[in-house]
Amino acid sequence: MKKILLIGQDGMLGGELYERLCKEYEVVSTTLQTLDICNKEDVIKKAKDEKPYFIINCAAYTNVDACETNFEIANKVNGIALENIAEAAKQVDATLVHISTDYVFNGELEIEKAYTEDMMPDPVTAYGKTKLLGEENAKKAEKYYILRTAWLYGHGGKNFVKTMLTLAETKKELNVVCDQNGSPTSTTTLCEIIEQILEKEPEYGIYHSTNEGFTTWYEFAKTIFEEAGVDMKVNPVTSEEYPSPTKRPKNSKLSKEKLHNIGIFPANYVDALREYLKGGI
């Protein structure tokens, strides 16, 4: 049985991934309290003690707006720490699986197109810049899979689906931005992609990993209420009408062609949403 060192079990993705992987692998997990990924000696010692076949990093500073004001901390966690994890992986000859984001792009690609893995990153936010540094450092492991995801939601964490349904309990109508495009992605789908990557061990590199299909936040909100059987008026607004401390990408579409080429076909985002809602928010 192959051994996995799972970093970040206390996160939304890490928690679900841990439960799933334990059925097929010997899994050792860490949390924010049990491993400081910013401490190189601690990370390397953990890897040498466990000698895993895979190291999966789900730890991240994901509050996009807070990254703008807490750049130093975000850069340590999302960027610099990956050099420690990559070095640890290299020293024990483990394969590193790292979760990244659509924010490594500037989000200005023509809306009818989707980003492919070979397109040049150009982050315009603090979050995107720290995650791109993380990608560059993750590559130092030499044996690595970088999985870029987007619009992630799941059980056990703050997310758009939960926010919409919670707001519906006290609001009669909601304003949601209609000019940002992407693929809502459930943690369950991302877990399934990770599991297939571990099983197939395809060519090392970057893989865009989201649910199939594209939509806007406005259309997704309407779909959430429709699937949940909630009567809610949703008004479309532009990004300019709904200002944010961080510039949100207009185009977060990630092409899944590279995943398809290795035989991985993620679920459509509507089907994934239905499954998520069955388990309650």
Side-chain angles (χ1 to χ4, degrees), residues 12-13 60-71 74-75 77-79 98-136 138 146-154 157-161 163-164 174-187 189-190 193 206-224 234 236-259 266 269 272-273:
M12 184 173 67
L13 174 63
Y61 192 114
T62 57
N63 187 322
V64 174
D65 291 339
C67 285
E68 298 291 333
T69 51
N70 300 308
F71 181 81
N75 203 45
V77 175
N78 292 340
H98 174 60
I99 311 303
S100 193
T101 173
D102 60 294
Y103 273 79
V104 299
F105 298 111
N106 62 24
E108 297 297 330
L109 185 69
E110 296 95 322
I111 218 65
E112 65 274 7
K113 297 181 180 179
Y115 286 100
T116 56
E117 290 84 352
D118 57 359
M119 287 184 175
M120 188 66 67
D122 179 28
V124 294
T125 65
Y127 177 63
K129 290 171 183 176
T130 64
K131 291 295 287 184
L132 179 58
L133 177 60
E135 287 191 6
E136 292 168 350
I146 295 170
L147 308 184
R148 290 179 182 148
T149 195
W151 295 22
L152 196 65
Y153 67 91
K158 181 183 177 183
N159 64 73
F160 183 78
V161 180
T163 298
M164 289 296 102
L174 293 170
N175 296 334
V176 182
V177 291
C178 61
D179 56 0
Q180 297 172 19
N181 298 261
S183 300
T185 304
S186 76
T187 49
T189 294
L190 185 52
I193 293 171
I206 300 171
Y207 291 86
H208 288 172
S209 303
T210 64
N211 276 110
E212 293 286 3
F214 302 121
T215 189
T216 64
W217 288 116
Y218 163 69
E219 292 292 345
F220 186 44
K222 292 204 300 181
T223 302
I224 291 167
V234 184
V237 296
T238 66
S239 298
E240 287 70 27
E241 293 175 271
Y242 196 82
S244 162
T246 308
K247 182 183 179 183
R248 294 304 202 266
K250 294 291 181 73
N251 187 347
S252 290
K253 295 179 178 179
L254 300 179
S255 168
K256 265 72 71 179
E257 186 176 351
K258 191 173 176 183
L259 271 189
Y269 76 89
L273 174 65

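Small disclaimer: the values here were computed from a predicted structure and weren't measured.
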Might you work through the side-chain hydrogen bond (donor to acceptor under 3.5 Å, both in side chains) test for Thr238 and Glu241, ending with a clear yes or no?
-> CA-CA 5 Å; Thr238 66; Glu241 293 175 271; 3.2 Å; yes

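- Note: Thr223 OG1 to Tyr218 OH = 10.0 Å, rounded to the nearest 0.5 Å.
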Inset, instruction - Kindly indicate, with the supporting measurements, whether the criterion side chain to side chain contact (heavy atoms under 4.5 Å, CB included) is fulfilled by Met164 and Val176. - result: CA-CA 10 Å; Met164 289 296 102; Val176 182; 4.1 Å; yes

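- Across all their heavy atoms, Tyr61 and Val77 have their closest contact at N-CG1, 3.8 Å.
- A distance of 7.0 Å separates NZ of Lys113 from CE of Met119, quoted to the nearest 0.5 Å.
- When atom types are taken as modelled, the side chain of Ser209 and the backbone of Tyr207 share a donor-acceptor pair closer than 3.5 angstrom.
- Remark: Glu212 CD to Ser183 OG distance equals 7.5 Å, nearest 0.5 Å.
- Within 6.0 Å of the CD atom in Glu108, the count of heavy atoms belonging to other residues, nucleotides or ligands exceeds 12.
- Listed by chain and number, the residues in a ring-ring contact (aromatic ring centres under 6.0 Å, His included) with Trp151 are Trp217 (sequence neighbours excluded).
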Under the criterion side-chain hydrogen bond (donor to acceptor under 3.5 Å, both in side chains), I'd like the reasoning laid out for Thr116 against Glu257: C-alpha separation, chi angles, the key distance, then a yes or no.
CA-CA 8 Å; Thr116 56; Glu257 186 176 351; over 6 Å; no

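- Between Tyr127 and Val64, the shortest heavy-atom contact is CD2-CG2, 3.8 Å.
- Across Cys67 and Ala126, no two heavy atoms sit closer than the pair O-CB, 3.5 Å.
- The two residues Pro266 and Asn211 make their nearest non-hydrogen contact at CB-CA, 4.3 Å.
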**Q.** Steps toward side chain to side chain contact (heavy atoms under 4.5 Å, CB included) verdict (Lys250, Asp179)
**A.** CA-CA 6 Å; Lys250 294 291 181 73; Asp179 56 0; 3.7 Å; yes

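- Below 30°, between 30° and 60°, or above 60°: for Phe220 and Tyr269 the angle between ring planes is above 60°, a perpendicular geometry.
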Exercise for the section: With side chain to side chain contact (heavy atoms under 4.5 Å, CB included) as the test, would you mind laying out the steps for Asn78 and Leu133 before giving the verdict? Expected result: CA-CA 7 Å; Asn78 292 340; Leu133 177 60; over 6 Å; no

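- A donor-acceptor pair under 3.5 Å links the side-chain atoms of Lys258 to the main chain of Ile206, judged by distance alone.
- When each of Leu13, Thr149, Asn159 is paired with Thr187, the side chain to side chain contact (heavy atoms under 4.5 Å, CB included) condition holds for Leu13 and for no other.
- Ion pair Glu135/Arg148 flagged as a salt bridge, since at least one NZ, NE, NH1 or NH2 atom sits closer than 4.0 Å to an Asp/Glu carboxylate oxygen.
- Note: Ile111 CD1 to Asn251 CG = 4.0 Å, rounded to the nearest 0.5 Å.
- For the atom pair Ile99 CD1 and Lys131 NZ, the distance stands at 8.0 Å (nearest 0.5 Å).
- Atom-to-atom distance recorded for Asn106:CG and Thr125:OG1 is 10.5 Å, nearest 0.5 angstrom.
- Listed by chain and residue number, Arg248 satisfy the salt bridge (Lys or Arg N to Asp or Glu O under 4.0 Å) test with Asp65 (two or more places apart in sequence, or in another chain).
- Of the possible donor and acceptor atoms, none in the side chain of Thr210 sits under 3.5 Å from a partner among the backbone N and O of Thr185.
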Candidate pair Asp102 and Tyr115, rule side chain to side chain contact (heavy atoms under 4.5 Å, CB included), full reasoning: CA-CA 9 Å; Asp102 60 294; Tyr115 286 100; over 6 Å; no

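- A pairwise comparison of heavy atoms in Tyr103 and Lys247 identifies CE2-O, 4.3 Å as the closest pair.
- Within the 4.5 Å cutoff, the side chain of Pro184 has heavy atoms near those of the Tyr153 side chain.
- Counting non-hydrogen atoms of neighbouring residues, nucleotides and ligands closer than 6.0 angstrom, the CZ atom of Phe160 exceeds 12 such neighbours.
- Between Ala114 and Leu254, the closest heavy-atom pair is CB-C, 4.2 Å.
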